[in-house]
Colleague: 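This is the structure I have questions about; it appears just below.
These figures come from a predicted structure and were not determined experimentally.
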Amino acid sequence: MIRKSVVKSVLFVGGRRTEALEAARDAGLHIVYAGPKEALTGRHRELVDSAVLLPDFTPELAVRAAVALHEVVPFDVAVTVGDQYLQAVARINHELGLHANAVRTVSAVNDKALMREILREKSVGQVASAEVRTPHDLREFAAAHGYPLILKPARGSASRDIHIVSGPPGLDAAAERLDPVGGGTEPWVAEEFLVGREFSVETHSTGGEHHLLAVTEKFTTDNFVEIGHVVPARITAEERAAIAGEVTAVLTALGVEEGPGHTEIVLTAEGPRLIETHTRPGGDAIVELVRLAAGFDIHQLHLSWLAGKPVDMTPRPSAGAAAIWFFTPPQGRVTAVGGLAEARAGEGVESAFLTASVGDVIPPVRSSDDRHGDALATGPDADTALRRAKEAVARFAVDIEPAGDVEP
């Protein structure tokens with residue numbers, strides 16, 4: 001399938017990484033960039049044809065700047081790979097009448113309450129949920145659906161501020177996060193707790209047709225911060241088919257037309273159930289895992305599609321499996337750092353990074369921002385790739401002064 005409206009010039013909004021820009025260059029596109037000044041690197045300058053730097057990014061400022069820019073440097077569509085820019089990009093495309101995913105679709109994937117509302121009447125696996133703004137709302141949901149339950153920000157990201165409420169004793173503590181009267185506060189979502197293995201599904205959509213690229217197996221802490229991924233997921237053909245069917249139904253119901261997708265699900269005893277979905281590629285190096293182990297370059301697929309080139313869905317993997325594991329040291333103050341060279345020398349290790357430095361104070365792991373390194377490895381199968389990534393991280397030599405000895 002070829003895109004009906006061929007793109008010759010694309011506006012990239014935000015983003016520090018350049019892989020998508022490189023794919024746009026390879027696709028022969030004229031590249032315009034708009035984003036925060038501090039995000040522009042030397043590599044950005046090499047790849048883009050023109051750039052508008054914003055002193056302080058807000059969606060409103062980005063939309064105004066893009067509309068004005070379009071008068072001087074016309075572009076055919078605006079895109080991004082970052083969560084914080086998706087809504088602005090949708091509004092830019094809408095304001096300028098450019099063909100892209102609809103504003104309501106992008107709003108739904110960024111607002112979990114709206115997403116659940118849209119899906120409630122659709123032919124997808126249903127998850128009990130409700131928007132909650134006050135303690136009374138939360139108590140009503142608990143009374144109706146029981147425990148355990150999940151409480152999370154409706155517009156949250158990076159596994160941040162997700163809470164499990166196991167029973168009545170934890171309800172009051174969870175309720176303290178809500179406004180007593182619910183006036184003018186950001187909404188939260190209460191959901192039933194889904195029991196099962198967690199996966200993400202990487203897709204590429206073309207004209208409303210959804211192509212499954214890979215199923216990624218996820219590993220998380222008890223408070224749902226992601227600490228590892230492996231492609232391909234260790235599932236049966238029947239489980240993969242069920243997951244593919246559910247994700248296709250969700251994307252169709254939400255009106256996703258084109259571009260990369262990253263959908264998180266739990267495989268429960270009743271079948272796959274949606275956690276959330278995104279109209280962007282997965283983070284945490286999932287793009288690289290998919291390239292290595294599934295044989296698809298997500299950025300290349302997207303930008304080639306926009307440029308009007310035929311979509312090539314032939315997988316060309318270079319490894320049987322690929323995995324990433326994140327370094328989550330205990331809480332405390334870092335007193336010594338080493339082991340990076342040893343980690344990188346491990347069999348099958350493609351890359352390893354360590355961001356902890358002497359003097360850093362390591363907080364509890366509450367979000368993806370609280371991870372302090374990672375290792376990515378390949379292998380002939382998922383078990384081997386995962387073991388190699390974990391072994392590489394275990395070679396990091398980071399000494400930490402116990403949390404009890406650290407000043408607040």
Side-chain angles (χ1 to χ4, degrees), residues 14-17 19 39 81-84 150 152-153 156-164 197-200 202 216-231 233 262 264 275-276 278 280-293 321-344 346 348-378 382 385-403 406:
R16 293 179 179 273
R17 300 184 66 91
E19 291 90 343
V81 294
D83 269 337
Q84 66 269 45
I150 296 292
K152 56 188 177 183
S157 63
S159 305
R160 192 175 292 111
D161 225 4
I162 301 175
H163 307 277
I164 180 169
R197 292 174 291 161
E198 291 191 36
F199 304 92
S200 69
E202 322 316 325
T216 305
E217 188 172 351
K218 296 174 52 179
F219 305 89
T220 66
T221 62
D222 291 341
N223 59 338
F224 309 104
V225 177
E226 296 174 1
I227 55 172
H229 307 281
V230 63
V231 176
H262 173 70
E264 299 175 8
I275 300 174
E276 59 189 46
H278 307 274
R280 58 155 175 83
D284 284 357
I286 286 176
V287 168
E288 181 67 2
L289 300 183
V290 171
R291 185 187 68 80
L292 289 167
I324 189 169
W325 199 258
F326 291 91
F327 180 53
T328 53
Q331 184 177 356
R333 188 185 304 279
V334 178
T335 58
V337 173
L340 183 58
E342 291 80 358
R344 288 174 173 170
V349 174
E350 297 281 329
S351 63
F353 299 95
L354 186 57
T355 59
S357 301
V358 173
D360 287 352
V361 175
I362 305 297
V365 180
R366 298 191 181 99
S367 78
S368 299
D369 297 334
D370 298 321
R371 303 170 307 190
H372 295 273
D374 63 70
L376 190 155
T378 58
L386 194 57
R387 173 177 56 79
R388 288 173 175 176
K390 289 182 178 181
E391 288 175 349
V393 167
R395 294 188 185 100
F396 293 152
V398 178
D399 295 336
I400 295 185
E401 187 179 66
V406 176

Colleague: In the structure I gave you, are the side-chain heavy atoms of E19 and R291 within less than 4.5 Å of one another anywhere?
Modeller: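 No. Closest side-chain heavy atoms not under 4.5 Å.
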Colleague: Please say whether more than 12 non-hydrogen atoms of neighbouring residues, nucleotides or ligands are located less than 6.0 Å from CZ in R395.
Modeller: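 Count over threshold, so yes.
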Colleague: Measure the NE2-OG1 distance between H229 and T220 for me, rounded to the nearest 0.5 Å.
Modeller: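 OG1 of T220 is found 10.0 Å from NE2 of H229.
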Colleague: If you look at every heavy atom in A377 and A389, which pair is closest and at what distance?
Modeller: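 Closest approach of A377 to A389: CB-N, 3.7 Å.
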Colleague: Hey, is K218 close enough to D284 for a salt bridge, meaning N to O under 4.0 Å?
Modeller: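 Between D284 and K218 there is no salt bridge, as every charged N stays at least 4.0 Å from the carboxylate O atoms.
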Colleague: Measuring from I324:CD1 to L292:CG, what's the distance to the nearest 0.5 Å?
Modeller: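 It comes to 11.0 Å.
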Colleague: Rounded to the nearest 0.5 Å, what separation is found between the CG atom of D374 and the CZ atom of F327?
Modeller: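 Spacing of CG (D374) from CZ (F327) equals 11.5 Å.
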Colleague: When you check the side-chain N and O atoms of H262 and E202, is any donor under 3.5 Å from an acceptor?
Modeller: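 On atom types as modelled, these side chains qualify, holding a pair under 3.5 Å.
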Colleague: I would like to know whether V225 and D370 meet side-chain contact (heavy atoms from CB on, under 4.5 Å); could you show each step before the answer?
Modeller: CA-CA 9 Å; V225 177; D370 298 321; over 6 Å; no
Colleague: Taking atom CH2 of W325 and atom CD1 of I227, what is their separation to the nearest 0.5 Å?
Modeller: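 Going from the CH2 atom of W325 to the CD1 atom of I227 covers 4.0 Å.
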Colleague: Specify the closest pair of heavy atoms between V287 and G282, including all atoms of both residues, with the distance to one decimal.
Modeller: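 In this case the closest contact between V287 and G282 is CG2-O, 3.8 Å.
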Colleague: What heavy-atom pair brings T355 and G373 nearest, and what distance separates the two atoms?
Modeller: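 Closest heavy-atom pair between T355 and G373: OG1-N, 3.8 Å.
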Colleague: How long is the span from the CD1 atom in I362 to the CZ atom in R333, to the nearest 0.5 Å?
Modeller: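 Reported value, rounded in 0.5 Å steps: 10.5 Å.
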Colleague: Just by distance, do the side chain of R344 and the backbone of A352 share a donor-acceptor pair under 3.5 Å?
Modeller: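 At least one qualifying donor-acceptor pair exists.
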Colleague: Ion pair present between R388 and E391, side-chain N to carboxylate O less than 4.0 angstrom?
Modeller: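 Here R388 does not pair with E391 in a salt bridge, since their nearest N and O are not under 4.0 Å apart.
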Colleague: Kindly give the heavy-atom pair with the smallest separation between A356 and V337, and that separation in Å.
Modeller: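 Answer, listing the atom of A356 first, then V337: O-CG2, 3.6 Å.
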Colleague: Using side chain to side chain contact (heavy atoms under 4.5 Å, CB included) as the criterion, point out the one residue from E198, H163, R366, K152 that pairs with F224.
Modeller: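 The option that passes is E198.
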Colleague: Report yes or no: does T216 contribute a side-chain atom to a donor-acceptor pair with the main-chain N or O of V231 at less than 3.5 Å?
Modeller: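 Not at all, since once roles are kept as given, no pair shorter than 3.5 Å links the two residues.
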Colleague: Quick one: pull up OG1 in T328 and CZ in R371 and give me the separation to the nearest 0.5 Å.
Modeller: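 One finds 9.5 Å between OG1 of T328 and CZ of R371.
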Colleague: Looking at L354 and G338, what are the two nearest heavy atoms and their distance?
Modeller: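 That closest heavy-atom pairing would be CD2-O, 3.8 Å.
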Colleague: Considering non-hydrogen atoms only, spot the tightest contact between V349 and A392 and give its length.
Modeller: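 So the two residues come closest at CG2-CB, 3.8 Å.
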